[in-house]
Every structure is written in structure tokens, then in C-alpha cells.
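Input: a single structure, listed below in C-alpha cells.
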Amino acid sequence: MDSIEPDGNATNGVNGANGANVVNGANGVNGANGAEDALPPPPPVIPPDVVPLHVEADNIPEPVKKKPARVPIARRGLGTKGTKIPLVTNHFKVNVTNIEGYFFHYSVSVAYEDGRPLDGKGAGRRIIERVHETYHSELGGKDFAYDGEKSLFTVGSLPRNKLEFAVVLEDVPSSRNNGNCEPDGPGSPNESDRKRLRRPNRSKTFNVEISYAAKIPMKAIGDALRGQESENSQEALRVLDIILRQHASKQGCLLVRQSFFHNDPKNFADVGGGVLGCRGFHSSFRTTQGGLSLNIDVSTTMIIQPGPVVDFLIANQSVRDPFQLDWTKAKRTLKNLRVKTSPSNQEFKITGLSEKPCREQTFTLRNKQAKEGEDAEIEVTVYDYFVNHRNIQLRYSADLPCLNVGKPKRPTYIPLELCSLVSLQRYTKALSTLQRASLVEKSRQKPQERMSVLSNALKINNYDAEPMLHSCGVSIGGSFTQVEGRVLPAPKLKVGNGDDFFPRNGRWNFNNKTLVKPTKIEKWAVVNFSARCDLKALVRDLIKCGDMKGIKIEAPFDVFEENPQSRRAPPLVRVERMFEDIQSKLPGQPQFLLCLLPERKNSALYGPWKRKNLAEYGIVTQCIAPTRVNDQYLTNVLLKINAKLGGLNSLLAVEYSPSIPVVSKAPTIILGMDVSHGSPGQSDVPSIAAVVSSRQWPLISRYRASVRTQSPKVEMIDSLYKRVSDTEDDGIMRELLLDFYTSSGKQKPDQIIIFRDGVSESQFNQVLNIELDQIIEACKFLDETWSPKFVVIIAQKNHHTKFFQPQSPDNVPPGTIIDNKICHPRNNDFYLCAQAGMIGTTRPTHYHVLLDDVGFSADELQELVHSLSYVYQRSTTAISVVAPICYAHLAATQMSQFMKFEDASETSSSHGGLTSAGAVPVPQLPRLKENVSSSMFFC
């Protein structure tokens, strides 16, 4: 979740301290950094004695041979297989009549009277609104679409190409000031009170410059609908989206990209820790085969619990009363949040906390009543000032720190109990496991409920009243778009003894069946990190359950119980001690270790334990935290163990025979690629790139993974090909291609099918040109003459298209596919709901086929994607996205646990400090031992 500042709220904080009157919206963008980013990297320095022939030959491409950039392929046809099913979707038809007009784009700059540029976003909207009101005739009576920052759009041009205006904005609090104002720090509170009363509207003048930047033909929208996308068509649609944002902003909504949140407590759900889930709406314009549509969906963001600051802190830190609060933590949490103070009802931004409690924190008060010979200034405590000078009763603030809402040099202190947090302030930190579970539970909606909420949203938003849409000739239909879906039949599976199995409603089970390729577990042991559990019964039941599924499990060599003295030791130490114990008692290295952890989620032992087993010893391990142990639980655990040890639980019948269209005819490797980033608050945590690849062709159910770290928040994988010398490539692809070769009877893949997760449409061309080029280079590095054919497919889960059965309360059936009407006008995309949606509303996966050198038919490719939702070895259900992508995600998540506990000094600059490029090198993940590196350790 990007940290996006709330913008356009009606109540922007005004820092009243010392008459400085800075309008506080969101923090301004630091221009300096932007400028720095724009600089080219420094040229490489070549020592005088080096002849740079080698450099030229190897690394500098000849400018003449610039190959054309790849672009996504066009759709070659529609699929026909499956049973037809009528559906509706949350896209609403949009008509555009003013096709001959132009949007005019103007750039906006706002500055204070003294020429300083305006910092903060929130004020921009108020200033531009004031320009619109004050200078309506000078602007030719035009309406604006303003993005809240530097761009403004009109339909048709303004009277002149450059316009300059001065506007006055009062720094009014959210409701009228009644004269009971807060102290202004070391200055004279009384005096400032009086000044405020004499001059209630402390106003400020802003200079606004509006200058012409570009014009965008509206007919570009029509071109896009015919499949001719251009920069103009993307810009024209961006203008329409900006109009929606502005419309929501005028209603006092919190804006987060294309989602809007109203300040209505009915939409808030408490998820614990002082955090609320706030339900709102996403709406954006999409070009589709059926024309322009408005996609509206329910959206949820996290906000800080509004109301008394002390209530929020108590909830946030899970303590009983304010005297148990950790104030260092509170200071971090509160910084930059906005509060309203009572009784004056003014709004401020929190800059920090006072060093001392309220009854000890002093400031200098000018003594107006001072007689001759008396001090003109007296030192008073904040508590004394409020209680005795202002006659405001304080019940519990005396021994707590005050909020500081002033400047660093001139603090302004306010007792805690007089401050309330303003509503609709985003919470951007990562949620805890419990908060996440609570959010999911409270924000899910059955299909019918979601449909009625969305129909209402269209009425509430009242887009027909938006003058900008009116002047574009845009009108929005009121009914869900009807589409025709098809339900693909579930693929037939093979289980043990050559038996066939037909999944029903996207599910199957192993009752009275054995696994298709069960393993033997001979040399193994149990390790218990102080989990409360009847170990004898657990082992007995596991062996019995394994026997029923065809897995022969010998009795474990030993059960290692953690020494109770170790319980309080750091996780790394506990793992080390356990391994010393294991090594002293086991005759040789075990094949497998079953590890019992005391906590179900986020155990601090998990990362160190996995790292020790996989990277240092090469031992397969399964962690469990058993609460309710029954047959179903043990079967699920055994499915994971079997896959990790090289077995297979079920196979597709077409894989068994092998008769998969296209894939079984020529050696084919299937890749799943994903990058996972640290949570929003962690800007310095390396991103983790994981690529999994199928092995043992013609199978498509067995995979291995290769995982690397890369620079934080970088989405493109940079280590697919990593040439370290003329003969050495240390990249991910080489490792996976060599494994395919050795595991598939010494055959190189003729076909490489890539599934890529987590990229947005704006990054498709980078996947096609940057990542694919690296993969091609890795192939050429292995064999210059080898030219495999590529298929590149993007899978997106983060979109807002949903499907509903018009006459049924149920979700769409598993296997539902849609490739018409609301799909892209030109590109080859389709939506697939492979899974059975049991709770909430099914979220389809949106697949985009960017490249297909192989020449799949629409049906063949759609069936392959559908089948790959049935090869996930960890469960007996069809999953919502192809298994290789799920595996890549699991591998990245598990390996990221390796990093969590590393000593900070070890992972930062000690690895070489600044490199020539100027960035701190990213700490590398340990490589796994060879005997487990090709296993499904991530299962």
C-alpha cells in the first residue's frame, strides 16, 4: 500500500503558532530529491593504462542495431469451450458525445506572496477553487479539472495561454473560533488570544500562475476504443479519472488513487489497535470491447481511529490506561497526525511531544498586569496556564506529556485531553496478522450485497451533476453490463493406483485414496520448541494417516524437547542449542525434521529454523503449530511433506498420459515470477525476487525455486541474467534452465511459458523488453544457437472487476472465463475464476497474454491456464491463480524470513559500502544446500 496523503479534505490544519500561518496539508514533495534522481549516472572511470576495447565490444550496443521494442500482441480469437453462462459485471456504460472537442492541459504553480512555493497538497485544491470563484469571468466561465498538484484541465481553451492571479485564503478553523485559543508556546498566549479575537480571519495571499502545456483531442478516446491506444488516449482517460477525483474531493472525501472514502462512521469497522477499516468506492474509466465503461467497486483503506488522542493511544498500544503508555512509541505514531483542540475547535498538525509532563513543562508568559518593578515575563507550567489562567479543567493530563503542535524552534504545547484526532487520516503501516484477519472478516460481502451497494454508490455519487462531465458530453448508464461467460470443465486428475478423479465444484479429497507418488520417510525426528502437545499421539496418528495415503513412515529416531531454560533465549540461540542437541544424539543427518512451534503465526523461530535446515544442513523440514489435530489436519500436513520430499499428491490426467495440447509435444518449461516488497513502513528492506520453474518435462506439477534479493521497492527482476565473466553467468535463469535440462532427460526447452505476477499495465512493456531480454540473454549464454519460443502472460489480482450471476445469490461457478465485451479492445486478455468462491465475492484473476511465439489457440491457452490452477500440491482445491505464481510467492515469503533476524550491521554497509553506482549493495540471501535447492521446500 503506497503511502498517499489524504488530499482535498475540507478541514486542512492551520498551524496557528506564532502567527506563522503555514497551511498544513500533506507533506510537500522534496524537489531536491527529484532533481537528484533525474541526473544521469556518473561515467565509468577508466584508468589511463587500460585499453577500453573489451568494454566497447562487450557492453556498448551499436546504436545502429536498435531493435524495435516489443509491444503486447493483439487478440487472435475468442475461446469457445465450456458451458455458456449469462453474467453481469460492475462496469457501467459510458457515452461520450463531445467527440470533436479538446481537453486543454495547463500547468499550475502556487506560491506565497514572498515567492516561496506552496508546500503541501491539501491547500492546493482550496486555492484553485478560490481562483475559480473569484476570477470566473477572466477564466471565460470555464470549469476546471484539477489534480490537486501541478495539472489543471479544461474543455476548450482558457482566454489566454498564461494567466496570473492573486487570491486571499483565510486560515479559518473548521468551525468558527470562539476566542478560547491555545497557548502559543514561549510567546504570550494571552496576547495571541487577543490578537486572534481582533483579527479572527488571519488571511494569506497566494500567487497562482496557470500556463498552457498541451492539448488532448477527445477523439483519442474513440481511437482507444478501436484498439488504437496512444499517449493522447491515456491522457484523455486520465483527465476523466481526475474529474471523478475532484468530484469526490468536493464532497469532503479522503482520496487514495482512484478510491474515495466518505466521512461516515457507518463505513468504519474497528480492526483493533486504534485502526479502522474505512469502506469507500473505487471508480475509474476503462476502454473495453463494448465501448467506454466506468468500473465501480467497493474499496477499503485503513484510517486512524478519530476522537480523543488518549483513546487512540490506549487502543494502539493495547494498555489499560494512559499511565502505561510507551511515549517513545507514541511520539512516532502521532507525528504529523492532525488534531482538533477544544474548546477552540482549531486544527493543528502534531510535531512531537513535550519533554516533561504537563505539570512540569514550562514556558514564558508575558505578564500584562505587571506593575512597576515586577517581571514583565513569568515562567508558568502548561498545566497551571490552562487550569488557572484559562479556567479549563484537566482531569488526567497533569502527569502526561503535552502534544507539541508548534515549530521545532518555537514549540506550542497543548494538554493531551484537549486534543481529538481528525477523521479520515490514513494509517499506512503494515497490519498485524490479527488486524488483517479482522479486516477480511469485516469487509467481505456476499455477491448480492455487493451488487446493491454498488448500485447505490452510483446514485450517491450523482455523476450527472458534475459540470465537467457535462461539458465533455459524458453520461453514465445506471445498469450493470451484461456479459457472456463460459464455465470450463474441471480437468480430470490422477491419484494413487492409476485411479481417475473428477473434482466437483473446484474441490476433491483423498478419502479412501492414496497419493499418486507417495514417498518413504525413514530417517526422521521430531523437534519440539515448547509447544504444548501430546507428541506420542501426534506421531502415532501421523504414521497411521500416512499409511492410509500410501506414505510409509518409520518410527521417528527421537523426539527432541527444548530445554525449558532456553525458552527465554533469543530465537537464534534457541535454534543453535536445538541443533547441538540433535547432532549429539543422531547417528547421521536426518532425511526430515518435523518441528513444533509454540505460536501459530509469525513465530520468531521460523526464519532461523528454516535457514539452519535449508541453507546450512540441507534438511527438509515441516513446521507445525498444532491446535486441533484431526485427520483433515494431518492429511494437509502430509500433502506438504510429501511434496517437499519429492513425491506428488495428484497429477493432471493429461500430464500422466502425457497429452497436454502444445506443451506435451515439445520440451516446455513453465516459469512463475514474483517480486515481494517489504511492508509500506519499511523503505530499506530489500525486495525479494522469486522465480519457480517446472522440471521433469512432460510434467507440469513439479517445480523448483530460485530466490534473490534486489533493491527495495524495485519491481523488475534484475538478476535473471547476471554475467560475472566471459564464461560465467550467476543469474536465476541459468540455474533453472540447467535443472530443467538434467531433470528432463538432457533436453533443452523449445518452449518457455512465463507467468508474471504483480505488475501493472504501465509496466507490461518493461516485462516484455527488459525481463524477457535478460531471459533470452541467459539462453544465448548457454548456447548461442538456441532460440526457444516464448509465451509471456501477466496475472493480475489487484483490479476491480467482479462478476455476478444475475438471478442467483451464489458466486460464479469455478472455471468461469470471460474474454469478451469488457476485455481490452485490442490486447489478448481474459478473466478467469478458477476457484470456488466460498465466502465474500469471488475475485477473478485477469490474465494478459503479452507474447505468444508458440501459436496457442485461445482455447488451448485458456485451458492450460485453467489446468495450472489444479496442480497446487498444498491443497485439494482449485486455486485462484496459476500454481507457479503461488509457488513463487511462497518461496519469496519463506526466504524473506531468513533476512528478518539478521544483524543490521551485517546486512548494510559492511558488504562493501557505496558501490560505483552510489547505492548501498543489497544483502544477499544464503544459497540453499544442493540436496534441497531443487526440492519444493516452499510447499
Side-chain angles (χ1 to χ4, degrees), residues 1 4-13 25-26 122 173-176 245 247-283 296-318 333-334 336-350 416-429 431-432 434-446 449-462 840:
M1 207 161 36
I4 287 177
E5 293 286 354
D7 108 18
N9 288 311
T11 50
N12 271 300
S174 307
S175 58
R176 287 261 41 90
R245 279 176 65 85
H247 183 76
S249 159
K250 283 178 183 162
Q251 298 171 14
C253 290
L254 161 65
L255 309 185
V256 184
R257 293 186 293 278
Q258 281 303 125
S259 293
F260 320 119
F261 303 91
H262 290 259
N263 187 10
D264 179 353
K266 282 207 302 290
N267 300 334
F268 302 162
D270 190 348
V271 298
V275 181
L276 309 181
C278 175
R279 184 178 285 172
F281 299 102
H282 163 94
S283 62
I296 299 188
D297 194 20
V298 174
S299 176
T300 303
T301 194
M302 310 317 299
I303 62 169
I304 299 276
Q305 169 186 311
V309 172
V310 73
D311 292 356
F312 163 69
L313 289 175
I314 286 170
N316 183 251
Q317 297 189 17
S318 307
T333 313
L334 292 175
N336 290 334
L337 291 178
R338 301 196 316 278
V339 286
K340 265 209 175 119
T341 58
S342 74
S344 68
N345 213 16
Q346 274 191 293
E347 208 173 286
F348 298 98
K349 188 182 331 190
I350 300 172
L416 203 63
E417 68 190 79
L418 300 183
C419 300
S420 278
L421 288 157
V422 171
S423 193
L424 293 186
Q425 300 192 72
R426 280 190 78 202
Y427 178 82
T428 52
K429 296 185 181 67
L431 294 180
S432 69
L434 284 171
Q435 286 173 323
R436 189 171 292 280
S438 171
L439 176 66
V440 168
E441 189 189 333
K442 289 177 178 172
S443 56
R444 59 179 174 229
Q445 293 170 307
K446 285 271 175 226
E449 186 191 343
R450 188 170 283 237
M451 275 182 83
S452 71
V453 167
L454 293 178
S455 298
N456 271 337
L458 201 55
K459 295 189 188 89
I460 294 165
N461 287 335
N462 190 14

Legend entry - Closest non-hydrogen atom pair between S423 and N263, with its separation: OG-OD1, 2.9 Å

Inset, instruction - Measure the shortest side-chain to side-chain distance between H262 and N267 over non-hydrogen atoms and say whether it is less than 4.5 angstrom. - result: yes

Legend entry - Pairwise side-chain contact, H282 with I296, heavy-atom cut-off 4.5 Å (strictly under): no

Inset, instruction - Evaluate the side-chain proximity of S299 to F281: yes if any heavy-atom separation is below 4.5 Å, no if none is. - result: no

Inset, instruction - Tell me yes or no: between the side chains of S455 and S452, is some donor less than 3.5 Å from an acceptor? - result: no

Legend entry - From CA spacing to verdict: side chain to side chain contact (heavy atoms under 4.5 Å, CB included), F348, R338: CA-CA 6 Å; F348 298 98; R338 301 196 316 278; over 6 Å; no

Legend entry - CG-CG distance between L434 and L439, expressed to the nearest 0.5 angstrom: 12.5 Å

Inset, instruction - Check whether any side-chain heavy atom of Q445 sits under 4.5 Å from a side-chain heavy atom of V453, and report yes or no. - result: yes

Legend entry - Interatomic spacing from CE in M451 to CG in N456 - rounded to 0.5 Å: 12.0 Å

Legend entry - Charged N-O contact under 4.0 Å between R450 and D297: yes

Inset, instruction - Walk me through it: do R426 and V256 pass the test side chain to side chain contact (heavy atoms under 4.5 Å, CB included)? - result: CA-CA 9 Å; R426 280 190 78 202; V256 184; 3.6 Å; yes

Legend entry - F261 side chain near L255 side chain, heavy-atom distance below 4.5 Å: no

Inset, instruction - Would you mind reporting whether F312 and L334 have side-chain heavy atoms less than 4.5 Å apart? - result: yes

Inset, instruction - Name all residues meeting the salt bridge (charged side-chain N to carboxylate O under 4.0 Å, His left out) criterion together with R279; count only those two or more places apart in sequence or in a different chain, and write none if there are none. - result: none

Legend entry - Donor-acceptor pair, side chain of N316 and main chain of G274, under 3.5 angstrom: no

Inset, instruction - For the pair N461 (side chain) and A457 (backbone), establish whether a donor and an acceptor sit closer than 3.5 Å, ignoring hydrogens and angles. - result: yes

Inset, instruction - Return the set of residues passing side-chain contact (heavy atoms from CB on, under 4.5 Å) with S420 (not counting sequence neighbours), or none when no residue passes. - result: P308

Inset, instruction - Could you grab the distance from atom NZ of K349 to atom CD of Q425, nearest 0.5 Å is fine? - result: 10.0 Å

Inset, instruction - Give a yes or no answer on whether the side chain of S249 reaches the backbone of R245 with a donor-acceptor pair at less than 3.5 Å. - result: no

Legend entry - CA sep, side-chain torsions, deciding dist, call: K340, N345, side chain to side chain contact (heavy atoms under 4.5 Å, CB included): CA-CA 6 Å; K340 265 209 175 119; N345 213 16; 3.0 Å; yes

Inset, instruction - Provide the closest heavy-atom pair for L424 versus C253 in the form atom of the first, atom of the second, distance. - result: CD1-C, 4.4 Å

Inset, instruction - Carefully, step by step, assess V310 and E417 under the rule side chain to side chain contact (heavy atoms under 4.5 Å, CB included). - result: CA-CA 7 Å; V310 73; E417 68 190 79; 5.9 Å; no

Inset, instruction - For Q435 and G272, indicate whether the former's side chain and the latter's backbone hold a donor-acceptor pair under 3.5 Å. - result: yes

Inset, instruction - Taking the side chain as every heavy atom from C-beta outward, state whether L421 and L337 have any pair of such atoms under 4.5 Å apart. - result: yes

Inset, instruction - Of all the heavy-atom pairs spanning L254 and I303, show the shortest one and how long it is. - result: CD2-CG2, 4.1 Å

Legend entry - Shortest non-hydrogen contact from S283 toward F260: OG-CE1, 3.0 Å

Legend entry - L431 side, atom CG; T428 side, atom OG1 - distance, nearest 0.5 Å: 10.5 Å

